[in-house]
Amino acid sequence: MTVLLDLKFETRKIESHFEAAMPGRTILNWADEKASKPDLSDIRYAVVWQPDAGLLASLPKLEVIFSGGAGVDHIFKDPHLPRDKPIVRFVDPNLTNRMSEWVMLQCLMHLRQQRTYDGFQKEHKWRGLAQPIASDIRVGLMGLGELGLDAAQKLKNIGFKVHGWSRSAKTIEGIETFSGHDGMEPFLAQTDMLVALLPLTPETTGILNRGLIEKLPQDGIMKPVLINAGRGGSQVEVDIISCLEDGTLGGVSLDVFEQEPLAADSPLWNFENAILTPHVAAESSIPALALYVAKQIDRYESGKTLSNIVDVNRGY
Ligand code: NDP
Ligand code: OXD
């Protein structure tokens, strides 16, 4: 009846949320208990974010692995991961809505040239700029999953022209879609603001590089903008920096980085047209995560299928 927690992103006391969501179960928070070498022999469920290497493999009765976030790349880093156990990722309206808030904020910040106005404000300068409207701007979403699709629909609702790209072909009412390798160039060719909400897999590692950025149109209403809240491993930061320096990119918004925390001496900090946030676009809410895990365990124990199971071969 014990549920193991190893959520490295959350150092506050979190057991109470899980205890409240699943009365009758014992919650073992690895961060607090590991020094005392606790008995792990009856653990059937583990809720993890970048678990200690080998920890999951050391649980003899483990049945289900829950990811503390929507992404699961941090779980695949464990070289001893028991690949025969289902991995359930976190899919929740709380997280999805937060991500869409962040994406809409970034698109509007670039559309409304807010960073330039911030500069004018510092100089006490009263000056207006020519201002396109959202419906002039073509936003391309890379990734049309739980997060990409919600953001796409909300961006469309506020007037942007929206289209998307995914691994498998999709039909989405009101949104033009592209897929796979062949769909990439036509997708990029009509993208003024590129929003990446991709999982990190071997295929998406380093995908946001100069070659890709140069395929964004330079003759649009505004210079291309790159917005990434998927994973930092998908972006090649030296390329992004050089594209900001030579004007191939008009701006970026980045929530994720190749190395986190971003090094204090990264040149990215210094660009006026780079909006950086510290991997907070859509943090998992612990109370929502606890309720989600409790619900899934109830389903599983009553013989129903788990939802949002990761495809181990696809890597997301
Ligand atoms: P989903 O699994 O629901 O969606 C992933 C999307 O990416 C799918 O549309 C998928 O295509 C597409 N995709 C995957 N691989 C490729 C590829 N090689 N080529 C083209 N498209 C591809 O994930 P979510 O939307 O829930 O989350 C996306 C990612 O966002 C997470 O994996 C995580 O890394 C990141 N994230 C970041 C957060 C933050 O705070 N910064 C918070 C939460 C998540 P298809 O539909 O065909 O499968
Ligand atoms: C996630 C994240 O994957 O917060 O949920 O990055």
Side-chain angles (χ1 to χ4, degrees), residues 7-10 47-50 66-77 87-103 105-106 140-154 162-172 175 177-188 191 194-209 212 227-235 253-258 260-262 275-286 288-289 292-293 307-316:
L7 292 174
K8 301 242 173 7
F9 61 84
E10 182 54 85
V47 189
V48 296
W49 176 273
Q50 204 156 324
F66 292 94
S67 170
V72 289
D73 48 294
H74 46 91
I75 294 177
F76 285 113
K77 281 187 188 152
I87 302 174
V88 173
R89 65 190 199 92
F90 187 33
V91 175
D92 187 76
N94 182 308
L95 190 149
T96 305
N97 288 336
R98 285 163 194 246
M99 180 57 84
S100 291
E101 286 168 10
W102 185 89
V103 170
L105 173 67
Q106 303 313 317
L141 274 294
M142 287 183 98
L144 288 171
E146 293 292 334
L147 303 182
L149 188 54
D150 190 72
Q153 277 157 344
K154 288 175 178 164
V162 179
H163 57 286
W165 179 76
S166 54
R167 187 166 176 265
S168 56
K170 294 192 192 310
T171 307
I172 303 169
I175 295 178
T177 57
F178 301 83
S179 63
H181 186 260
D182 292 348
M184 165 88 93
E185 285 211 20
F187 163 77
L188 295 172
T191 299
L194 181 66
V195 178
L197 287 171
L198 290 167
L200 187 65
T201 68
E203 286 172 26
T204 63
T205 299
I207 196 170
L208 303 172
N209 56 38
L212 176 142
I227 297 173
N228 184 22
R231 281 290 179 266
S234 292
Q235 70 203 17
S253 290
L254 305 174
D255 182 59
V256 288
F257 301 90
E258 284 177 35
E260 294 179 6
L262 179 65
I275 302 174
L276 311 186
T277 51
H279 201 141
V280 292
E283 285 183 308
S284 297
S285 145
I286 296 297
L289 175 65
Y292 173 82
V293 171
S307 38
N308 305 312
I309 296 186
V310 171
D311 179 333
V312 189
N313 297 320
R314 230 175 34 171
Y316 70 97

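All ligand and atom numbering here is 1-based and tracks the order in the structure. The structure displayed is predicted, hence computed values, not measured ones. Scope of the values below: all heavy atoms of this structure, side chains included, with no hydrogens, waters or symmetry mates.
Nearest non-hydrogen protein atom to atom 13 (N) of ligand 1 is Leu198 CD2, 3.7 Å. The nearest protein atom to atom 19 (N) of ligand 1, hydrogens excluded, is given as Trp165 CH2, 3.2 Å; this is a heavy-atom distance. Looking only at protein heavy atoms, the nearest one to atom 18 (N) of ligand 1 is Glu203 OE1, 2.9 Å. The single protein non-hydrogen atom nearest to atom 37 (C) of ligand 1 is Ala229 O, 3.0 Å, given as residue, atom name and distance. Shortest contact from atom 44 (C) of ligand 1 to any protein heavy atom: Leu147 CD1, 3.5 Å. Protein heavy atom in closest approach to atom 11 (O) of ligand 1: Arg167 N, 3.2 Å. The protein heavy-atom contact nearest to atom 9 (O) of ligand 1 is Leu144 N, 2.9 Å. Closest to atom 28 (C) of ligand 1, if we only count protein heavy atoms, is Leu197 O, 3.6 Å.
Remark: distances from the non-hydrogen atoms of Lys170 to ligand 1 include one below 4.0 Å. Within the structure, the closest approach of Gly69 to ligand 1 does not fall below 4.0 Å when heavy atoms are considered. Judged by the shortest distance from any of its heavy atoms, Asp255 lies inside the 4.0 Å radius around the atoms of ligand 1.
Comparing Gly143, Pro199, Ser284 by heavy-atom distance to atom 5 (C) of ligand 1, the nearest is Pro199. Around atom 35 (C) of ligand 1, the closest heavy atom drawn from Ala281, Gly230, Pro278 belongs to Gly230.
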Subject >> Leu95 vs Leu147, side-chain contact (heavy atoms from CB on, under 4.5 Å): CA-CA, chis, key distance, verdict >> reply: CA-CA 9 Å; Leu95 190 149; Leu147 303 182; 3.7 Å; yes
Open item on the list: I'd like to know whether Leu194 forms a side-chain contact (heavy atoms from CB on, under 4.5 Å) with Phe187, so could you lay out the CA-CA distance, the side-chain angles of the two residues, the decisive distance to 0.1 Å, and finally the verdict.
Closed with: CA-CA 10 Å; Leu194 181 66; Phe187 163 77; 3.6 Å; yes
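Contact annotation for Val256 and ligand 1: only side-chain heavy atoms (C-beta onward) come within less than 4.0 Å of the ligand. Contacts with ligand 1 closer than 4.0 Å are made by side-chain heavy atoms of Thr204 only, the backbone lying farther away. Only side-chain heavy atoms of Arg89 come within less than 4.0 Å of ligand 1; its backbone N, CA, C and O stay farther off.
Side-chain contact, Thr96 with Asp150: no donor N or O sits under 3.5 Å from an acceptor N or O.
Annotation: Phe66 is not in aromatic contact with Phe90 [ring centroid separation under 6.0 Å not met].
Annotation for Ala151 and Leu197: closest pair CB-CD1, 4.3 Å, computed over non-hydrogen atoms. Shortest non-hydrogen contact noted between Glu258 and Gly232 is CG-O, 3.6 Å. Among all heavy-atom pairs drawn from Leu200 and Gly233, the shortest one is CD1-C, 3.5 Å. Scanning all heavy atoms of the two residues, the minimum distance from His163 to Phe178 falls at CD2-CE1, 3.9 Å. Nearest heavy atom pair, residue Gly315 against residue Thr201, reads O-CG2, 3.8 Å. The minimum heavy-atom distance between Gly164 and Ile175, with the atom names listed, is N-CG2, 4.2 Å.
Set against the non-hydrogen atoms of Arg231, the atoms of ligand 1 under 4.0 Å away are 33 (C), 34 (O), 35 (C), 36 (N), 37 (C). Taking every non-hydrogen atom of Ala70 and a distance limit under 4.0 Å, the qualifying atoms of ligand 1 come out as 43 (C), 44 (C). Less than 4.0 angstrom separates some heavy atom of Gly145 from each of these atoms of ligand 1: 1 (P), 3 (O), 4 (O), 6 (C), 8 (C), 9 (O), 25 (O). Every atom of ligand 1 with a heavy atom of Met99 under 4.0 Å away is listed here by number and element: 37 (C), 38 (C), 39 (C), 41 (N), 42 (C). Contact atoms of ligand 1 toward His279: 39 (C), 40 (O), 41 (N) (distance under 4.0 Å to a heavy atom of the residue).
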Could you tabulate the donor-acceptor pairs under 3.5 Å formed by side-chain atoms of residues 165-172, not counting sequence neighbours?
from	atom 1	to	atom 2	distance (Å)
Trp165	NE1	Gly180	O	2.9
Ser166	OG	Ser168	O	2.7

Listing, residues 277-286 side-chain donor-acceptor contacts under 3.5 Å, not counting sequence neighbours, or none:
from	atom 1	to	atom 2	distance (Å)
Thr277	OG1	Trp102	NE1	3.2
Thr277	OG1	Asp255	OD1	2.7
His279	ND1	Glu260	OE1	2.8
His279	ND1	Glu260	OE2	3.3
Ser284	OG	Gly68	O	2.6
Ser285	OG	Ala288	N	3.2

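In this view, Ser234 satisfies the side chain to side chain donor-acceptor pair (under 3.5 Å) rule with no residue, not counting sequence neighbours.
With Ile87 as the partner, the side-chain contact (heavy atoms from CB on, under 4.5 Å) test is satisfied by one option alone out of Val310, Asn308, Ile309: Val310. Screening Ile207, Thr204, Ile227 for a side-chain contact (heavy atoms from CB on, under 4.5 Å) involving Met142 leaves a single residue, Ile207.
For ligand 1, the polar-atom distance check finds an N/O of Ser168 within less than 3.5 Å of one of the ligand's N/O atoms. The distance criterion of under 3.5 Å between nitrogen or oxygen atoms is not met by Leu95 with respect to ligand 1.
Taking a heavy-atom cut-off of under 4.0 Å, ligand 2 is surrounded by Trp49, Gly69, Ala70, Gly71, Arg231, His279, Ala282.
Classification of Lys77 and Asp73 as a salt-bridged pair fails, no side-chain N sitting under 4.0 Å from a carboxylate O.
Distance check: Phe257 CZ to Gln235 CD gives 6.5 Å after rounding to the nearest 0.5 Å.
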